[in-house]
Amino acid sequence: MKLPDTARFSTICVHAGQEPDPSTGAIITPIYQTSTYVQDALGKHKGYEYARTQNPTRAALEGNLAAIEGGKAAFAFASGMAATGAVMTLLQAGDHVIVTDNTYGGTYRLFERVLRKYQLDFTYVDTSKLGEIRRAIKPSTKMLFLETPTNPVLRLTDLTAACEIAHDHNVVVVVDNTFASPYVQRPIGFGADIVVHSTTKFLNGHSDSVGGIAVAVREDHIEWLRFVQNAEGAILGPMDAWLVLRGTKTLPLRMDRHNASALVLAEFLAAHPKVARVHYPGLTTHPQHELARRQMRGFGGLISFELGSLERARTLLNNVSLMALAESLGGVETLISHPASMTHASVEIERRAQLGITEGLVRMSCGVEDVEDLLADVEQAFS
Ligand SMILES: Cc1ncc(COP(=O)(O)O)c(C=O)c1O
């Protein structure tokens, strides 16, 4: 089995990073559930010494995700937040970071509550407005941290343009690509230096693992991330690496369904009299629909919509029966949630208001069930 250099996306998803197991021929990479490796003689080993430093299952996943994202190397961590935390160790005290204002609440919490203690400085701007990025750059700016589409109001940033601005000022661009998945958008192709994911979401895709990945291109970044993965030790375990590796094989199939069902649901919600507003990049009413068409393949599986009040949101959330009321996203099951009190509870009320994360906002992660059943569930919950 040899992956041709010309292999296309779905082929890369199935095969990259993996060879049949050399000892048995097992087509699926085994779960190497071991903490250490026996050495042949002093100083003579098979490339594996201790499992924090090297693990073959994790290495297969890292090779797979580096290829899927179009990077040169990838490093797997115990969660998406651990991956972001490791990437931030590229910085030093006094460095300044520009961040998409509507970034994931846990990312905001890490930056504000943890990393400020280490004298890192953060400015949050609406990165969908390129002028705001330009204005925020100062001599100490070392990183631009983007999320597109944003969680939960699905605003987009023009990746090509944002990377150009950043690189003109020697600023490294990191993109959290969790919401889109690499099937929908590959930021490195638009100029990004590092991509991070919560693999917990679309990459694993089956709601049965928590993990994170950092994909890099530059040799200095690769060298540091490899060092810090081992030095800090927040590695992904072999069982989780295996689960994500299984997930990425079907990523294109799942994403096609997520994309298609979310568009149907978004159109249904946009026409529904009980819904005040729908945020979905696939709708022609989305302010950046044209950018979405250029930058994304399909429009993703996430929708958020405004019901006008907490009471109305509560009524919907408590009455769906097929959809599950739960945090997280990107699994085969449809999940529905209330960002203000769930995923974004750690963001201050005033900030939430500025970002449009109102009490009446509901977020839906469309799964791969039959879309007619999802439509019927929303309709019965509304009525
Ligand atoms: C966009 C985004 N980035 C990062 C994370 C953090 O990932 P994890 O929960 O795997 O630490 C999340 C989690 O919801 C997320 O939605």
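In listed order, ligands and their atoms are each counted from 1. Each residue takes its place number in the sequence, starting with 1.
- Both tests pass for Arg351 against the ring of Tyr124: distance under 6.0 Å to the centre and angle within 45° of the axis.
- Evaluation of the side chain to side chain donor-acceptor pair (under 3.5 Å) rule for Thr157 yields Thr127 as partners, not counting sequence neighbours.
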- Item | Thr100 vs Thr148, side-chain contact (heavy atoms from CB on, under 4.5 Å): CA-CA, chis, key distance, verdict | CA-CA 8 Å; Thr100 300; Thr148 178; over 6 Å; no
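- Take Arg218 and apply the salt bridge (charged side-chain N to carboxylate O under 4.0 Å, His left out) test, not counting sequence neighbours, and it matches Asp220.
- Within the structure, ligand 1 has Gly211 among the residues with a heavy atom less than 4.0 angstrom away.
- Between atom 4 (C) of ligand 1 and the options Asn204, Leu329, Asp176, the minimum heavy-atom separation is to Asp176.
- Of all atoms in ligand 1, listed by their number and element, those nearer than 4.0 Å to a heavy atom of Thr200 are 10 (O).
- Under the 4.5 Å side-chain heavy-atom criterion for grouping Ile, Leu, Val, Met, Phe, Trp and Tyr, Phe227 is connected to Val172 within one hydrophobic cluster.
- The nearest non-hydrogen atom to atom 9 (O) of ligand 1, considering only Lys201, His197, Glu147, Met81, comes from Lys201.
- Each of the following atoms of ligand 1 lies closer than 4.0 Å to a heavy atom of Asn151: 16 (O).
- For ligand 1, the polar-atom distance check finds an N/O of Gly80 within less than 3.5 Å of one of the ligand's N/O atoms.
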